[in-house]
Structure formats: C-alpha cells, structure tokens
Amino acid sequence: TPEIFDVDNGLDRDIFDINEDLGLDLFEGDIILDEIQER
Amino acid sequence: NAIIGERYRWPHTIPYVLDDSLEMNARGVILKAFERYRLKSCIDFKPWSGEPNYISVFKGNGCWSSVGKQLTGIQELSIGEGCDKIATVQHEFLHALGFWHEQSRSDRNDYVSIIWNRIISGKERNFDFYDDQVIDSMNVPYDYSSVMHYGKTAFGNGSEPTIITRVPDFMDVIGQRMDFSDSDVLKLNQLYNCSSSLSFMESCDFELGNVCGMIQSSADSADWQRLSEVSEGPESDHSNMGRCRGSGFFMHFNSSSVNEGATAILESRILYPKRGFQCLQFFLYNSGSEDDQLNIYIREYSTAHLSRTLTLVEQIKDIPSGSWQLYHITLNATNKFRVVFEGVRGAGASLGGLSIDDINLSETRCPHHVWHIRNFTQLIGSPNGSFYSPPFYSSKGYAFQIYLNLDSLPKIGMYFHLISGANDDQLEWPCPWQQVTITILDQTPDIRQRMSKQQSLTTDPFLTIDNGNYFWDRPSKVGAQVIFPNGTQFQRGRGRGFPNFMSQEMLKSRDFIKGDDVYILLTVEDISHLNTQNDPLPTLNVNDLCASFRCENDGICILQNGKAECRCRSGDDWWYMGERCEKRGSTRDTIVIATSSTAAVFALMLIITLVSVYCTRKKYRKEPSSRTVNTIMENQYA
C-alpha cells in the first residue's frame, strides 16, 4: 500500500488553534475590531 | 448574532478580490464557499470592478475577519495557512457580513457553562458575552450547531473542555465546521431581508398532497401514484426512511400493472433559470423489471415563440433493485422549463415498479462521481477498516481512487490517490492544479438544510517528497503496483488527504448514514485558471522539447498544449515579443509610433486640403469668362 500524507501534517486545527499557534491576539480569537467596536 | 447598525450591512452582491498571495487550494475553496452562500441565502459575490467598498481575501497570518462592512474601501479577510477549509471560509465571511460568535449572545449562560480555570491565562476576554443592546440574536434560539460556535476546547490550557453544553448531547456538536446550520441561514436571511436565493430552485419530498405542483401527463399510459409503501418495495420513503411509518411519501410508477413499452410521465412545475446550468438530484428505487427505465427530459418554453421543446437529457437503465439509489443529472436550461420524469416499462417480469423521492434542483454544478457505500455500519465494525473506492476518471482524464480509513476511529480518514490510467501518455505530469473535493453527503431531504462535510485539496505540481520525486508525478513512475479485485494490475501513487475528515460521532449525526448507506461525492476539477502567478510547470519533458527551441533575450521556454513556447521578459515600460522574444517593444516606441502616425495623418490632410483649395480657386477663376461667352451667344441670338 502506498504511503499516505496529511494535508496539514497531521495537525487537525480549528480556526482558533491556528491563530493561537501563530501568537495572534485577536478579539474572540479571529476578529479585527474597528474603532467603534473597540470602544 | 448580528452587529446592530445598518452602516455595517453589505449590499446583497459583495465585490471581492482574491489576492495573489492566496494559495491555489484556498482560491478554489473560497469560490465553493460562495456557492454555499448562493444556495442558502440571497448573498452573492462578484469580482470587484471599482465599487467603493470590497473584500480582499488574502493569505495573511491566520484566519480572521472584521465584523460587518467597514466603509474603509478595501476590507481584508485572511485565509492563511490551514484556513483553506470551506466551513472556515463560511465562518469568516459571516463575520464580514456582520455576525459575532454564537456563544457571545446575551443569553448564552442559559445554554453553556464556561469553565474559567481551564482557559489560558489572559484569554478570558474571549468568553465575554454582550448585552442585547449591542448584538441581536434575532429571536432565533441558541444554536449549538452554528458554524459560528467555538469548539469545546477553545482557548483551553489543556485538553479538558472550556465550554460545557447544558444539554450533554451537544458537547461534540459545538465547533463542528460542516456547513451553515438552519439557524445560521435563518439569521443571515433575516439580517439581509432575503426572500429567495440565486441558485436554489426546487426541493420536493412528496410529503404534501400537492406534490410540489408536479403534474401528471395525459400523453402516457399510466400515472405516478403518491404512496408511503409498496409491497414489493420500497417499504418506506427515503425522506423519513421508516422513522414515521405510514407518513413518509414518494411517487411510484407501478410497472407491474402495464404492458411493455407503457409510460408514465410526471412533470415538475414551471421553473425559471437564472444561471443556465442546473443539477437535478433525486433518489430512485427499482422493484420492477430489470429493464424498467427512467428517462429525464426538460420541457423548455421559448420566450419568443411560446413553443415547447422536449429534450431527452438522460436515460437511466440497469437500475439496481432493492434499495434507494442517488442520481445526479446535469441540465442546461436557459429558458423557463419543466423537469419531466418518464417511467418506461421494460421487458421481463415486474412485481413492483419505479419510485422517486427527495428531489432537489439547484443551479449548481453536479458532483462528477458518487461513491455509494452500502452496509456502512458493518464496515465500521470490521477488523480491517480501510477501503479504496472504485477507480474514477477526472474530467481531464486523470485516474484516481479515494481511500477511506476507518482504522483510527473515532477519526475517519479520507485520502486521494492518483492511479495509472488509460490517458496517462496524453496528460501533464506532475499533475498540475487539479482540485479534489470530497463530500460526505448529509442525506437530509431538503438541499437547503443539509450540512454535508466537505474538504478539498489541490495537486501542486511543485510538491516534492523526501527522495526528490514530485508527489503528483505519474503513478507508473512513482506509485506502487497493486491489483484490482478482478486481477488487473495497476500503479497507485501516494495518497494525500485528511486523517480526521470527520469524526465517527459526526457521521452518526444528521442523515450522513441513511438506510445504512453513505454517499461520498467526488469532484476533481482543473483550477489552473485561478493561478495568477503563471509559473512554468515542472514538466519533465520541458527540457527535451525546449532543447531545440531557443528563446532570445532571456525568455523562458515552457510547454503549452504539448508545444514549446517562449515566455518573454518585460519591465514597467518595455517588453520583448515575437515567437522567440526576438523583438523589443516599449511604451516610448508606442509614443513615437503614435506621434509619427498623427504627424503623417496631419501632413496628408494638409496636402489634400491645399490641393482642394488650389483646384477650387482655379475652377472659379475660369467660370466668369465662360458665362460671359454664353451671354454673348444668347445676346447674339436675340
């Protein structure tokens, strides 16, 4: 049987895991706020 | 939960740009996510053509978006590494359309508990929730299955859940990224006042007596009957599959009661196409003769002449008996039309007939192939739980198989393999930019309520593996020899895919398994037209053909449709051109040519004008003397 490879190297990551691993500190994990929303 | 404020709303058609930074797979996935919006809402997308505000999708760091229209002109939305999944793109675009996360709504503590001591220190703010003066949950109940919900371990400092659902059954439902939930669709359509969608046309499960406005023809020998069971099969309809005995209905053509050649015609109501291509999907059951067949026609009404054209689209023969079978038919109606189902009684004995149920018609592309897996629950329990699909061919001619791995339950893996095929000598290798889309079908009757799990990958011709070989090179070169059950030898390349395509729990939910059948829909399509980079492909034959084809002025030789061609160098205001890049052009040359052409035309016009003036003056100088002569002549006669 030929080898099989994972598209994301076996890391089964959700949006928040991806952003967390990148050290992003976004609002609720994946949101960029405008000035009004920041306030 | 929508952001409050009309200023944040987009128009129904959103201008977008796919930035050059995006990976090829992400480009294809984004376009597929747009199709899900077009099917389930009135939101459409169009390439940006100068509108003041638009969304630029790019490959940034991570997956993120703003909430609502920002009125900043360009509005960025990042689909970074690992974010190229259809449900992730749907999630980020829902943010852009004005939605927050589901667990941010004001009443969330009634439905989930936040376990604060399991949250990474400093990340507690991600679990804030907001007053209903700030966000609007639109009178829709809390939705555990929303594509906008966090997963149970989000922002956790370990593997223990940070969110616990008040109803335990939903612990593994939150954070699923499959498709819009019913509530997601409801809220989106409420926020944007949607009353129709671009691509949805019809869905019919025959539960209502009006059979969705379908009509019986008078030009046939028999009628289709609306039934809930037939003694020879099916025992139940497909919509409910026996869960509500006696209440689920389907349409049945009793071929046992008519002679060979007899027909029964059922026509849909009149439908109005917008896009000019449709996919008809339905389930068919055969309990009649092996030779009974179903013909699909479209009856098109020409707007100019009110004429009706009946076109045969598909003849479905050799219908397996004893179970519901899924069929997809591609239609190309451009005028208003009806779909016509014609049951035809074949030769041989029949004790039952043909039955149809769960019809869906949408202006979307049909999947290219369907892998129907029967007795699926038995496979889950079998000792060797890995299976290969039958071989399929892509539209370009590449042969492939899908590998389903049930050995690592509760994770269900799915992988794509190129295999050796009949067209390999005519194909490009390594296989360039074929996007493979694998869908486990949620068999919920109405296509708008389905939450099918879909994942895509794209063959990158530059991808290499440890030994330096190209990953997607010809299977006869890089694959392993294997044998089909019928004894035929072939080569299978390495597989690439998803070790956790979906979990066993998810697969058991909704209607992924129905009547113990699972349907895996497959599409392999060429997306090289989405490549804005136009890199020369690493085709091994390039050197051979290009050896005798020299490009001048540092042009690069590439293979295009099997022929060597030059790609010439260019700068901001200059370029090389010609078959071998032998000619040089520049904007200065263009200016010189334009200026000299203008001067030449001016000079020519001046000459013509001067000659005309000269001739006219000469003519008028002569005329008085001739008139004088005439007068004299007249006077002489007088």
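Residue numbering restarts at 1 for every chain, and letters A, B, ... go by the order of the sequence lines. Side chains included, hydrogens not; waters and symmetry mates left out as well; all remaining heavy atoms used.
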Engineer: Identify which part of A:D34 has an atom lying under 4.5 Å from any heavy atom of chain B, answering side chain, backbone, both or neither.
Structural biologist: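 It is both, since atoms from each part get that close.
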Engineer: Please enumerate all residues that pass disulfide (SG to SG under 2.5 Å) together with B:C83, with sequence neighbours excluded.
Structural biologist: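 B:C83 satisfies disulfide (SG to SG under 2.5 Å) with B:C63 once adjacent residues are dropped.
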Engineer: Nearest 0.5 Å, what's the CD1-OH distance between A:I4 and B:Y403?
Structural biologist: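 Spacing of CD1 (A:I4) from OH (B:Y403) equals 5.0 Å.
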Engineer: Name the option with the most non-hydrogen atom pairs under 4.5 Å to chain B; the candidates are A:L33, A:V7, A:D30, A:D21.
Structural biologist: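 Maximum pair count with chain B is reached by A:D30.
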Engineer: If you round to the nearest 0.5 Å, how far is CD of A:E28 from CD of B:Q103?
Structural biologist: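 Going from the CD atom of B:Q103 to the CD atom of A:E28 covers 6.5 Å.
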Engineer: Is any side-chain heavy atom of A:I32 less than 4.5 Å from a side-chain heavy atom of B:Q70?
Structural biologist: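 The answer is no; the side chains never approach within 4.5 Å.
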Engineer: Select, from B:S104, B:A154, B:G479, B:S78, the one with the greatest count of heavy-atom pairs under 4.5 Å involving chain A.
Structural biologist: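 So the answer, after comparing B:S104, B:A154, B:G479, B:S78, is B:S104.
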Engineer: Examine whether an atom of B:N25 lies under 4.5 Å from a heavy atom of chain A, and if so say whether it belongs to the side chain, the backbone or both; otherwise answer neither.
Structural biologist: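 Contact with chain A is absent: no heavy atom of B:N25 under 4.5 Å.
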Engineer: I'd like to check the ring-ring contact (aromatic ring centres under 6.0 Å, His included) partners of B:Y130; sequence neighbours left out, ordered by chain and number.
Structural biologist: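 Residues passing ring-ring contact (aromatic ring centres under 6.0 Å, His included) with B:Y130: none at all.
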Engineer: Below 4.5 Å from any heavy atom of chain A, which atoms of B:F416 appear? Answer side chain, backbone, both or neither.
Structural biologist: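 Neither; nothing under 4.5 Å.
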Engineer: Please report the closest heavy-atom contact between A:F27 and B:N126, naming both atoms and the distance.
Structural biologist: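 Heavy-atom minimum between the residues: C-OD1, 4.0 Å.
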Engineer: To the nearest 0.5 Å, how far apart are CD in A:E20 and CD1 in B:I120?
Structural biologist: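 One finds 4.0 Å between CD of A:E20 and CD1 of B:I120.
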Engineer: Could you look at A:L24 and say if it's the side chain, the backbone, both or neither that has a heavy atom under 4.5 Å from chain B?
Structural biologist: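 Contact with chain B: backbone and side chain both.
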Engineer: Can you tell if the side chain of B:Y8 reaches within under 4.5 Å of the side chain of A:I36, non-hydrogen atoms only?
Structural biologist: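 Yes, close enough: below the 4.5 Å cut-off.
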Engineer: Report, as yes or no, whether the 6.0 Å neighbourhood of atom CD on B:E76 holds more than 12 heavy atoms from other residues, nucleotides or ligands.
Structural biologist: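 Atom CD in B:E76 is packed in, count exceeds 12.
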Engineer: Counting only heavy atoms not in B:K123 (residues, nucleotides, ligands), do more than 12 fall under 6.0 Å from its NZ?
Structural biologist: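 Yes.
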Engineer: Measuring heavy-atom distances to chain B, does A:D6 have an atom under 4.5 Å in its side chain, in its backbone, in both, or in neither?
Structural biologist: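 Backbone plus side chain of A:D6, per the 4.5 Å heavy-atom cut-off to chain B.
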Engineer: Students often mix this up, so state it plainly: with edges at 30° and 60°, are the rings of B:F155 and A:F16 parallel, tilted or perpendicular?
Structural biologist: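 Plane angle between 30° and 60°, so tilted.
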Engineer: Need one label for A:I18: side chain, backbone, both or neither, based on atoms under 4.5 Å from any heavy atom in chain B.
Structural biologist: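 For A:I18, side-chain heavy atoms alone lie under 4.5 Å from chain B.
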Engineer: Taking A:N9, A:D14, A:D8, A:L26 one by one, which has the highest count of heavy-atom pairs under 4.5 Å against chain B?
Structural biologist: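 Top count of heavy-atom pairs under 4.5 Å with chain B: A:D14.
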Engineer: Identify which part of B:R494 has an atom lying under 4.5 Å from any heavy atom of chain A, answering side chain, backbone, both or neither.
Structural biologist: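 For B:R494, backbone and side chain are both near chain A.
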Engineer: Could you tell me which of B:H101, B:Q455, B:K85, B:E92 has the largest number of non-hydrogen atom pairs under 4.5 Å with chain A?
Structural biologist: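 Answer, by heavy-atom pair count under 4.5 Å with chain A: B:H101.
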Engineer: Can you confirm whether A:Q37 sits close enough to B:I3 that some side-chain heavy atom of one is under 4.5 Å from a side-chain heavy atom of the other?
Structural biologist: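 Yes, close enough: below the 4.5 Å cut-off.
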Engineer: Decide side-chain contact (heavy atoms from CB on, under 4.5 Å) for B:I465 and A:E3; before the verdict, give the C-alpha distance in whole Å, the side-chain angles of both, and the deciding distance to 0.1 Å.
Structural biologist: CA-CA 11 Å; B:I465 42 179; A:E3 287 176 275; 6.0 Å; no
